[in-house]
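Data first, discussion second: the structure below is written as structure tokens.
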Amino acid sequence: MALKIYNSLTRQLEEFVPLHEGKVLMYSCGPTVYDYFHIGNARTFLVSDIVRRYLEYKNYTVTLVQNLTDIDDKIINRANEQGIDCCQLAQKYVDAYFEDSSKLGIRSADVHPRATEHISEIISLIQTLIDKQAAYEIDGDVYYRVNHFAEYGKLSHRKPEDLLAGARVEVDERKEDPRDFDLWKKSKAGEPWWDSPWSKGRPGWHIECSAMAMKHLDETIDIHTGGHDLIFPHHENEIAQSEVATGKAFVRYWMHVAFLQIDGRRMGKSESNFIFVHDAVQQYAPEAIRHFLISAQYRHPLDYNPTSLKESSSAVRRLNNCIDALGPYRDVAGDALEGLNDAEAVRLLESINTMRDDFEATMDEDFNTAGALGTIFKFVGEVNQFLAATDNTASEERRSVLSQAYRSLVEVCSVLGIYTEEEVASDAHAALTEELMNLILEVREDARERKDWDTADKIRDQLEQLNIELQDSRGGTTWRILKGAKG
RNA sequence: GGCGGCGUAGCCAAGUGGUAAGGCCGGAGUCUGCAAAACUCCUAUGCGUCGGUUCAAUUCCGACCGCCGCCUCCA
């Protein structure tokens, strides 16, 4: 099956063929670290994470680079407000970025380059552009000469004249053309600066991504992801800078993530209607937040509201219940599933295969995570049905198929990050917990024998307070520590 | 003005030229001391409106209505 990606550049679904077979070079636009990131930002980061995971699932070797913009007007302003150094401010939010994104299960990129650590690469790229007449210096500032690049506007599908007509561009009289943008900004008093051939100053916003993508990946990369708002001007400018500098295509597949909305409006820093991931993870389980963020296809707007998060929490609980129920079969050996006699087992095996095929077919269509969730939950229902018809003395055949169901389910859920396998609790502490629980359950069982329901219910209720859930069934009482109990 | 997106059950959301995945909530049952979980059944003759093409459209075409976004920093 072939993966297809919607390429913003062509506005079409295209079959994904990486430049180098089996290898994918991927760049994800990361945060500007002047504040915590909100769940709208998280949506984009999460999409990158899932694209990467799915490509790995398809056996590609992925190199993912995600930048950290650690010098910028907003950082300077915010640092001034707080009376601290830009570096301190940036470092604080870099740390927060890693902490919060890791809570959401977003894996670190292979490289997280910072703008301030690539000043020399940036300067040399700017110099190349100047040498090629694609940039010019005025009073220590360097501007990109948009007119020099005939294809300017090809990503955002804008005509040069339209860009002028809109004319919300701040007019700087010194620029040759209002559309020209900063490559290097001369520093004003009190601003941080780096030495350059033109002035003591700092890089413009767009140039860092070109420089760092080329340094850590290549002059042509396969996939570049970012929020929809970055199409213009950020990514348009990246193309202009990079392609003039190298004479090569910069990015082969551009992916842009639609906005997360709140109350029907875009969640944005400038709208003051955002919810920090930092706060959301206090309230909802990471898997629930992920489930919510991927419950719509990434190119469709998604509206945030507490109800949706609650729905996702419930959905994730259903999934966890199913996987937990499969847990006991996890380590059953054997793939030898030829010649099954048990018709039910055969049917479940077919369900497993169907689920995997459907999952892949759906994800192959431009990472349709919402559809993928559908296939997973359909399968959950089938597994539950099978389990309901299977008692504790399941046959070897059934145990083996259940084991396979477990592994398949965990694998696809891991691609989406909506299920995290718990570390095997094997320390002394866990063993003690186990024994204590056995003791408690034994006492409770005695109470139940006597029909002393008050005592039995008291034990159950108080354990629940400790996030331990008891379930009485014919086969006895089971317990488990609730995951994602925040929701 | 230019470019783009969205409108599918109470809510969220897939999807297809041939008759609507999945989740949540709700209702009725099974199981259970009760609960929880799970299971069973029920919940859109209809996919914004109006036209057109077609044997057949929610799916294609056109018009319209409503909502949103980008064109300026924002994922």
Side-chain angles (χ1 to χ4, degrees), chain A residues 8 11 28-32 34-35 37-48 72-74 77 153 156-159 161-170 205 225-234 236 256-261 264-271 274 291-292 294-297 299-303 305 307-322 324-325 358 362 365 368-381 383-389 448 451-454 456-457 460-461 464 469-474 477-478 480:
Chain A
S8 307
R11 288 186 172 167
S28 160
C29 268
T32 299
Y34 71 102
D35 206 342
F37 66 103
H38 58 68
I39 56 179
N41 303 323
R43 188 183 188 196
T44 306
F45 303 147
L46 185 55
V47 167
S48 301
D72 155 90
D73 289 354
K74 286 192 291 292
N77 293 338
S156 52
H157 300 269
R158 291 171 212 279
K159 300 188 193 99
E161 54 270 29
D162 293 340
L163 287 167
L164 286 169
R168 280 203 282 168
V169 184
E170 198 181 317
W205 174 35
T225 63
H228 197 255
D229 52 337
L230 297 184
I231 293 175
F232 190 90
H234 186 54
E236 194 71 71
H256 291 99
V257 181
F259 291 126
L260 186 76
Q261 305 186 329
R265 307 194 138 265
R266 169 184 179 182
M267 183 179 287
K269 291 265 169 82
S270 52
E271 310 281 340
F274 48 82
H291 180 280
F292 163 68
I294 63 174
S295 64
Q297 213 271 344
R299 282 190 288 119
H300 295 175
L302 174 65
D303 205 273
N305 60 70
T307 308
S308 294
L309 260 300
K310 288 205 186 81
E311 288 181 3
S312 286
S313 299
S314 298
V316 165
R317 195 190 321 134
R318 177 174 163 80
L319 176 67
N320 277 326
N321 285 336
C322 178
D324 284 352
D358 289 352
T362 311
E365 288 291 313
N368 184 352
T369 51
L373 288 175
T375 70
I376 288 172
F377 279 90
K378 187 176 178 205
F379 180 64
V380 164
V383 168
N384 282 334
Q385 267 179 50
F386 184 87
L387 284 169
R448 293 182 74 207
K451 299 198 189 305
D452 177 4
W453 308 124
D454 284 346
D457 290 349
R460 186 173 63 199
D461 292 345
E464 196 174 352
E469 184 182 86
L470 296 192
Q471 288 186 16
D472 299 319
S473 67
R474 270 165 300 182
T477 302
T478 56
R480 63 192 182 121

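Letters A, B, ... are given to chains in the order of the sequence lines, protein chains preceding strands, and every chain is numbered from 1.
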Base, sugar-phosphate alone, or nothing: which one does A:S314 contact when heavy atoms must sit under 4.0 Å apart? sugar-phosphate
Under-4.0 Å salt bridge between A:R266 and A:D229: yes
Nearest-Å distance once atom P is located in both B:rA14 and B:rA57: 25 Å
Taking only nitrogen or oxygen atoms into account, show me every contact under 3.5 Å that the protein makes with nucleotides 39-43 of chain B, one pair per line with its distance.
{"residue": "B:rC39", "atom": "OP1", "partner": "A:N384", "partner atom": "ND2", "Å": "3.0"}
{"residue": "B:rU40", "atom": "OP1", "partner": "A:Q385", "partner atom": "NE2", "Å": "2.6"}

When all nucleic acid strands are considered with a 4.0 Å heavy-atom cut-off, which category describes A:R460: base, sugar-phosphate, or nothing? base
Could you check whether A:K451 gets within reach of a base, just the sugar-phosphate, or nothing at all, counting any heavy atom under 4.0 Å? nothing
Base, sugar-phosphate alone, or nothing: which one does A:Q297 contact when heavy atoms must sit under 4.0 Å apart? sugar-phosphate
At 4.0 Å (heavy atoms only), tell me whether A:R43 reaches a base, stays on the sugar-phosphate, or touches nothing. nothing
So what does A:D472 touch, heavy atoms closer than 4.0 Å: a base, only the sugar-phosphate, or nothing? base
For A:K269, look at atom NZ and say whether over 12 heavy atoms of other residues, nucleotides or ligands are found less than 6.0 Å away. yes
Inter-nucleotide C1' distance (B:rG23, B:rU19), Å rounded: 24 Å
What's the spacing between A:N305 CG and A:Q261 CD if we round to 0.5 Å? 11.5 Å
So A:I231, base contact, sugar-phosphate only, or nothing? Heavy-atom distance under 4.0 Å. nothing
When the C1' atoms of B:rG48 and B:rC42 are considered, how many whole Å apart are they? 28 Å
Give A:D457 one of three labels, base, sugar-phosphate or nothing, depending on what nucleic acid heavy atoms sit under 4.0 Å from its own. base
By the 4.0 Å heavy-atom rule, please label A:I376 as base, sugar-phosphate, or nothing. nothing
Between CD of A:Q471 and OG1 of A:T478, what distance do you get to the nearest 0.5 Å? 5.0 Å
Is A:H300 close enough to B:rA14 that one of its side-chain N or O atoms is under 4.0 Å from OP1 or OP2 there? yes
Among A:D457, A:D454, A:D472, whose salt bridge (Lys or Arg N to Asp or Glu O under 4.0 Å) with A:R448 holds? A:D472
Starting from P on B:rC3, measure out to CG on A:L230 and report it in whole angstrom. 22 Å
Rounded P spacing from B:rC65 to B:rA20 in Å: 32 Å
Over all strands shown, is A:A389 touching base, sugar-phosphate only, or nothing at heavy-atom distances under 4.0 angstrom? nothing
The dot-bracket string of RNA chain B, counting Watson-Crick and G-U wobble pairs with both distances under 3.5 Å, using [ ] for crossing pairs and | for pairs to another strand, is (((((((..(((.....[...))).(((((.......))))).....(((((..]....))))))))))))....
If the C1' atom of B:rG15 is compared with that of B:rC71, how far apart are they to the nearest Å? 33 Å
Test salt bridge (Lys or Arg N to Asp or Glu O under 4.0 Å), reference A:D324, set A:R480, A:R318, A:R317, output is A:R480
